[in-house]
Novice: 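Please see the structure below; I have some questions.
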Amino acid sequence: MADKSVWARVLGTVGLVGHVFLFFWYLASGLLAPLWAVIGLLAVWAALLGVGIRLMRTRPLLVLLVPVAAFLIWVVVISAGERWLGWTA
């Protein structure tokens with residue numbers, strides 16, 4: 001059953017705001033990553049935004065996991081690029 005309490009909606013909104021905040025980190029990746037990687041990261045960010053919006057309608061508390069997932073994906077991609085593909089600032 002979908003949780004539609006006021007607090008769930010408020011926390012879901014906090015999750016979406018956190019995800020939007022991460023957009024600037026994803027854009028700033030261009031200082032380190034090549035254009036193709038930044039475009040890929042922005043596509044992942046947009047897909048996660050869609051997931052967050054969909055979850056907001058059905059399971060708002062799960063939206064809190066969206067910025068966490070976005071942050072972890074960003075860290076993994078940037079770290080892997082630095083380590084294995086030689087991305088440097």
Novice: Tell me whether Leu41 is reachable from Trp84 by hopping between hydrophobic residues (I, L, V, M, F, W, Y) whose side-chain heavy atoms are closer than 4.5 Å.
Specialist: no
Novice: Would you give the length of the straight line joining atom CG of Leu11 to atom CE of Met56, rounded to the nearest 0.5 angstrom?
Specialist: 9.0 Å
Novice: Hydrophobic cluster mates of Ile39, side-chain heavy atoms under 4.5 angstrom, ILVMFWY only, any path?
Specialist: Leu35
Novice: Can you hop from Leu61 to Leu48 via hydrophobic side chains spaced under 4.5 Å?
Specialist: no
Novice: Locate the shortest heavy-atom distance separating Ala8 from Pro60; write the atom from each residue and the value.
Specialist: O-CB, 3.3 Å
Novice: Are Val38 and Trp36 co-members of a hydrophobic cluster defined by side-chain heavy atoms under 4.5 Å apart?
Specialist: yes
Novice: Taking only residues two or more places apart in sequence or in another chain, which ones pass side chain to side chain contact (heavy atoms under 4.5 Å, CB included) with Leu55?
Specialist: Val51, Thr58, Arg59, Leu62, Val63, Val66
Novice: Does Leu64 belong to the same Ile/Leu/Val/Met/Phe/Trp/Tyr cluster as Val68, with side-chain heavy atoms less than 4.5 Å apart forming each link?
Specialist: no
Novice: May I have the list of side-chain donor-acceptor pairs in residues 16-33 shorter than 3.5 Å, sequence neighbours left out?
Specialist:
unit_1: His19; atom_1: NE2; unit_2: Trp45; atom_2: O; d: 3.1
unit_1: His19; atom_1: NE2; unit_2: Trp45; atom_2: NE1; d: 3.3
unit_1: His19; atom_1: NE2; unit_2: Leu49; atom_2: N; d: 3.4
unit_1: Tyr26; atom_1: OH; unit_2: Ala70; atom_2: O; d: 2.6
unit_1: Ser29; atom_1: OG; unit_2: Trp25; atom_2: O; d: 3.1
unit_1: Ser29; atom_1: OG; unit_2: Tyr26; atom_2: O; d: 3.2
unit_1: Ser29; atom_1: OG; unit_2: Trp74; atom_2: NE1; d: 2.6

Novice: Do Val14 and Ile53 share a hydrophobic cluster (ILVMFWY, side-chain heavy atoms under 4.5 Å, transitive)?
Specialist: no
